[in-house]
Structures are given as C-alpha cells and as structure tokens.
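Here's the structure we're looking at; comments come further down.
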Amino acid sequence: MSVVIYNTLSRQKETFEPLSPNQVKMYCCGVTVYDYCHLGHARSYIVWDTVRRYLTWRGYNVRYVQNFTDIDDKILTRARKEKSSMEAVAKKYTAAYLEDMARLNVLEADEYTYATHTIDGIKRLIHELEQKGYAYPAEGDVYYSVRKFEGYGKLSGRKLEDMRAGESGRTETQQTQIKQDPFDFALWKSAKLDEPAWESPWGPGRPGWHIECSAMVRDRLGDTIDIHMGGADLQFPHHENEIAQSEAVTGAPLSTYWMHNGMVNVEGTKMSKSLGNFTTIRNLLDAPDGPNPMAIRMFVMQSQYRMPLDFTESAIAAAKKGWATLNDGLNFGQQYGKNLGWKLNETDLELEAAAVQQFQASMDDDFNTPGAVAVLFGLAKELQRQSNLIVHQGSPDADLWTLQQHWRTLVQLAGVLGLEAQNQEESATDSDSTNGISDAEIEKLVEARSLAKQSKNYAESDRIRDDLKAQGITLIDKPGGVTVWHR
RNA sequence: GGCGGCAUGGCCAAGUGGUAAGGCAGAGGAUUGCAAAUCCUUUACCCCCAGUUCGAAUCUGGGUGCCGCCUCCA
C-alpha cells in the first residue's frame with residue numbers, strides 16, 4: 001500500500017512516487033507579510049503541516065521549504081499607512097505568522113526563504129529567461145511573454161484564448177499599456193520614487209511576485225521537486241506562472257505533484273482580506289470564550305482538504321466539543337496510568353493494529369483526515385467509557401494491557417495529525433497553586449453537603465456543589481450515598 | 001463567456017458499484033433528590049430526470065442550485 005495524492009496537474013489521484021526513494025522535497029507557498037493571518041491561512045498551513053507529518057510518519061525523509069513574500073505593493077501600502085518601512089512591516093508580520101502557527105502546533109519549516117534574500121537568484125533567473133527569449137524589458141520593467149511558453153495553462157487547465165483578460169477587474173492599466181500581451185506578467189518592476197529598490201541590469205527595481213518562488217525552489221531544492229502546494233486560489237495565475245518561469249529555464253518539470261487546499265468560506269463566500277470577511281487566528285483564539293488551538297485543528301481535520309470549509313460559530317462549537325472528547329482520551333494515561341500500574345515510558349508496546357491500519361488506509365487515500373479522525377474518536381470514546389467506569393466503580397472492565405494499548409495508539413495517531421493534549425499535570429499543578437482551596441477543605445465541604453442531603457436540605461447541598469463547580473471541582477454522586485470529586 | 005469543483009440525516013462530514021463511517025445537536029431509557037458525567041437505544045427515499053447494471057449515493061447523459069478561478073489572494 002502506498003500513499004495516493006490528488007495531483008492538480010493530472011486532475012486525478014496518483015500513487016505517490018518521490019524522485020529519490022524515501023526522499024520528499026516539498027515547497028509550500030507562504031504568506032505575504034502585510035497583516036495578521038486569518039483562518040484561511042490557518043487551514044492551509046495546518047493541512048500542509050499534516051501532509052508533512054504524515055509522510056514523515058510513513059517513513060519518508062521530508063524536506064519542507066516555505067517562503068515569506070516580503071516584497072510587495074501591499075506591504076508598501078501598509079508601511080506608508082503605519083509610517084513605517086517595508087522591512088519593518090514584513091518583520092512584524094513574519095513574527096506574527098510564526099507565533100500563530102506555533103500556537104496551532106504547525107511545525108516550523110526546515111527552511112524559510114525570503115524574497116529579499118533571493119534577489120540574486122531572481123535576477124539570474126530573469127536573465128536566463130531573457131536570453132532564452134521568454135522575457136522582454138519594457139520601460140524599466142521586465143515581462144514574461146506568456147505565449148512563448150508552450151505549456152502555459154496546463155496546471156489550471158485553461159487556454160489563453162478562453163480567458164477574458166481583466167475579468168476580475170484588477171488589471172493595472174499602466175502595465176496593460178506597456179505589456180505586449182495582456183496575459184504577460186511582470187518579472188521585474190522598475191522602482192518608483194521612495195520605494196525600496198535593488199540594482200539590476202534593467203535598472204533599479206524589485207522582483208514581481210511569481211518569480212521569487214521559482215528562484216527559491218531552484219536555489220533550495222533543485223530543478224524538480226516532489227510536491228508543490230498552496231491554496232487553490234494560487235493555482236492561477238501564481239503556480240501557472242511559476243511553471244512557465246521555471247520550466248522555460250530548466251526544461252524539467254518544476255514539481256511532480258501539485259496540491260491545492262480548498263478555501264475557507266464565510267456564509268458561502270471565500271474568506272479573504274480584500275472582502276474584509278476574515279477572522280484572524282489570534283482574534284479567534286484570544287476571544288473570551290475562544291477555542292483551544294487544537295479545536296481549530298479539529299475543525300480543519302474534519303473536512304477533506306480540497307473541499308471548501310465553512311467557518312461558522314456552530315462549526316467551531318462542535319469542534320470544541322469534539323476536541324474535549326479527544327483531549328480526555330489523550331490525557332487518560334496521565335490521569336489513570338499511574339494508578340493502573342502503567343509504566344508510561346514503555347515505548348515498545350505494540351499499537352492496536354486495526355486502528356493503525358484503518359487510520360493509514362484513510363490517510364493514504366489523499367490524506368482523508370475525516371476518516372482518520374473517526375478512528376481517533378473510536379479510541380477516545382472507549383477510553384472515555386473506561387474512565388467513567390474507573391470513576392464510578394473504581395476499576396475499568398478492560399484488561400490493563402488493552403487499555404494501555406488503546407491509549408498509546410490514540411496518542412500516537414493523534415500526534416500524526418498534530419493533535420496533542422495540553423500537559424494535564426502542568427495545568428493541574430497550576431490550579432493547585434493558584435486555586436486556594438485545599439483537598440482537606442474540599443473534603444469538608446463534601447461532607448457538609450452529604451449531611452445536607454441526608455436531611456433533604458437540597459438547596460444547601462446544591463449551593464455547595466455549585467460553589468465547588470465554580471472552582472473547577474466536579475462532584476460525582478455514586479450509588480450508596482458516596483460522593484467522589486475531582487478537579 | 002471560458003475553465004474547474006461541489007450537492008449525503010437538524011448542522012458538519014466520510015464513503016466512488018453490493019444496499020449509508022464519524023463529530024455536533026436532538027429524542028427515549030438506565031442512573032440521580034435534582035444534576036453532571038457515563039452507558040444503552042434511536043433519527044437518511046444519498047438535489048431532480050433518464051440510462052447502463054443482477055445490483056448505483058457511487059458509472060453515463062441531461063437538468064437545477066451553489067462555490068472557486070480568469071493577473072490581490074492561503
């Protein structure tokens with residue numbers, strides 16, 4: 001069995017075969033750093049993080065490179081607005097990106113690249129394109145002559161004659177007049193007054209958007225990589241243009257597989273900065289009753305990465321609840337393992353084969369995370385049941401070995417999806433120290449409540465229970481008038 | 001106008017030829033003084049029409065609706 005990937009290039013699922021056995025070179029189109037990231041970005045990078053984690057778990061040696069676009073009109077506009085510099089704005093939002101992603105448990109790339117650090121490679125590439133007749137200078141700009149590249153449109157499946165230039169209403173009129181063809185795009189833009197600029201054979205200026213990715217991939221990973229990924233909205237023109245640039249120069253395919261994630265929608269339409277219908281990651285997480293970052297991962301994992309994903313209050317609420325169940329399961333070992341006599345560091349325990357097999361079958365099929373998450377829930381619900389038995393009856397009804405295996409399997413597989421529990425012991429200690437109430441005091445209150453119950457003074461007994469609840473202590477009445485509690 | 005995608009229970013969402021995973025919510029029951037938690041049970045003519053097939057949510061054709069892209073985009 002091998003991994004199957006939906007390749008945008010062929011519009012079908014293909015068996016994954018890396019160029020060199022067990023080596024995977026991945027390049028992910030990163031963000032333009034002019035603002036905080038929103039949920040659309042969160043989805044995208046959580047998805048690619050998961051692909052990377054899964055391939056790694058499957059035994060591939062993955063090299064993951066991602067860029068930051070730190071030269072761009074939007075950054076400049078932002079810098080003017082904030083009376084700052086392009087560099088400062090880019091720095092600020094690059095840092096913010098890294099913070100947000102760390103919270104979402106997105107692993108750092110093996111290498112991050114920056115447009116500003118790739119100027120030489122960019123200039124080299126443009127020069128080669130010029131020599132090979134694919135690029136032409138015009139009034140200090142340099143443009144790519146799209147009609148010279150035979151395969152233009154092969155990724156997005158479109159023909160130049162079918163497209164309406166300027167359909168989206170965003171064409172820059174100035175450029176339109178300079179370009180030989182409306183579909184030609186800028187490789188190099190001449191600098192206007194008080195704009196950051198780099199020296200070049202075509203005069204001072206800065207690179208166009210698409211060229212940086214071509215240059216970075218070539219510099220860091222080589223002429224052909226295994227997987228190139230990004231948002232579905234990058235398919236055209238960005239990735240199409242990358243292909244045109246890279247392949248015209250190298251004569252080799254830029255990437256064997258192209259993967260695109262579906263958009264995050266708000267009330268049926270795409271979340272985007274220009275529409276203003278976005279929620280930033282930090283706003284969502286930092287809201288008073290905001291979700292745990294892992295709940296966001298759950299939210300993303302519960303739909304297939306190529307499908308649109310609707311962001312709604314109720315979807316987040318459902319993900320929060322779902323995460324709570326999973327989190328309980330993940331904490332089972334910390335909570336009960338010691339009492340059950342587990343050795344927690346025992347790692348040579350075999351995982352539960354059926355669950356692993358089902359998980360892998362789902363994930364192998366173009367990263368079917370909803371199927372994989374269902375496996376996680378199967379394990380978590382069983383642990384939840386056992387946990388309830390322990391609390392109410394004092395012991396589980398499964399043998400300890402099986403329980404430990406369940407738990408280890410859950411932790412391991414959830415980890416492959418980047419779903420990790422908070423360290424419960426830590427938070428428990430936290431609440432011990434910050435929460436003034438001691439065990440003895442709780443016992444006293446529980447005792448008082450039992451007496452109140454016996455005399456049928458339920459108002460009093462409920463008051464005590466509510467008070468304790470407010471302090472994070474849950475009471476459980478068991479048959480026979482016994483009450484147990486836990487924080 | 002062109003290209004692509006999607007339509008599955010109250011909401012979300014897997015399933016791509018053998019008669020519907022999972023999550024959230026709901027209902028009934030067990031338990032409880034009432035709760036909480038948990039357990040058990042339970043809710044689907046798979047957008048419409050036609051076709052292929054012994055058999056289709058799944059394939060084919062035709063509708064209808066929604067979404068994305070056509071040089072800001074994750």
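Remember, it's a predicted structure, so these values are computed and weren't measured experimentally. Per chain, numbering begins at 1; letters A, B, ... match sequence-line order.
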* Looking at every strand, decide which applies to A:His38 at a 4.0 Å heavy-atom threshold: base, sugar-phosphate, or nothing. => base
* Would you mind classifying the nucleic acid contact of A:Arg465 as base, sugar-phosphate or nothing, using non-hydrogen atoms under 4.0 angstrom? => base
* What does A:Lys453 touch in the nucleic acid at a heavy-atom separation under 4.0 angstrom: a base, only the sugar-phosphate, or nothing? -> base
* To do: Remember a base hit wins even if backbone is also touched, and classify A:Leu389 as base, sugar-phosphate or nothing at under 4.0 Å, heavy atoms.
  => nothing
* Asked: Has A:Glu313 got more than 12 heavy atoms of other residues, nucleotides or ligands less than 6.0 Å from its CD?
  -> no
* Asked: Among residues 39-54 of chain A, which residues get a heavy atom nearer than 4.0 Å to RNA chain B?
  -> A:Gly40, A:His41, A:Ser44, A:Tyr45
* **Non-neighbouring partners of A:Val411 that pass side-chain contact (heavy atoms from CB on, under 4.5 Å), sequence neighbours left out** => A:Leu330, A:Trp407
* Asked: How many Å lie between CG on A:Asp462 and C1' on B:A35, as a whole number?
  -> 7 Å
* Asked: Residues two or more places apart in sequence or in another chain: which of them pass side chain to side chain donor-acceptor pair (under 3.5 Å) with A:Ser450?
  -> none
* Check ion pair A:Asp466-A:Arg463 (N to O, under 4.0 angstrom) -> no
* Aromatic rings A:His41 and A:His38: how do their planes relate, parallel, tilted or perpendicular, breaks at 30° and 60°? -> tilted
* Asked: Heavy atoms under 4.0 Å, any strand shown: does A:Phe236 hit a base, just sugar-phosphate, or nothing?
  -> sugar-phosphate
* To do: Quick one: sort the A:Phe367 and A:Tyr305 rings into parallel, tilted or perpendicular, breaks at 30° and 60°.
  => perpendicular
* Structure fact -> When rounded to whole Å, the CG to C1' distance for the pair A:Asn265 and B:C67 reads 7 Å
* Between which residue ranges does RNA chain B form stems of three or more consecutive Watson-Crick or G-U wobble pairs, both distances under 3.5 Å? -> B:1-7 with B:64-70, B:10-12 with B:22-24, B:26-30 with B:38-42, B:47-51 with B:59-63
* To do: Evaluate the ring planes of A:Trp258 and A:His260, with Trp represented by its six-membered ring, and classify them as parallel (under 30°), tilted (30 to 60°) or perpendicular (over 60°).
  => parallel
* In whole angstrom, give the distance that lies between atom CE of A:Met263 and atom P of B:G4. => 18 Å
* Asked: Hey, do the aromatic rings of A:Phe183 and A:Tyr152 have their centres closer than 6.0 Å?
  -> no
* To do: Give one of base, sugar-phosphate or nothing for A:Arg449, where a contact means two heavy atoms less than 4.0 Å apart.
  => base
* **Parallel, tilted or perpendicular: rings of A:Phe185 and A:Tyr144 (30°, 60°)** => parallel
* **N/O (side chain, A:Lys270) to phosphate O (OP1/OP2, B:C69) under 4.0 Å** => yes
* To do: Report the residues that fulfil side-chain contact (heavy atoms from CB on, under 4.5 Å) with A:Ser274, sequence neighbours left out, ordered by chain and then residue number.
  => A:Ser272
* To do: Check the distance between B:C69's P and A:Asn261's CG and give it to me in whole angstrom.
  => 13 Å
* Asked: How would nucleotides 7-23 of chain B be written as a contact map, 5' to 3', with B for base contact, S for sugar-phosphate-only contact and - for no contact, using protein heavy atoms under 4.0 Å?
  -> ------SSS-----BSS
* To do: Tell me what A:Arg158 touches on the nucleic acid: a base, only sugar-phosphate, or nothing, going by heavy atoms under 4.0 Å.
  => base
* To do: Determine the contact category for A:Glu240: base if any of its heavy atoms lies under 4.0 Å from a base atom, sugar-phosphate if only primed atoms, P, OP1 or OP2 are that close, otherwise nothing.
  => nothing
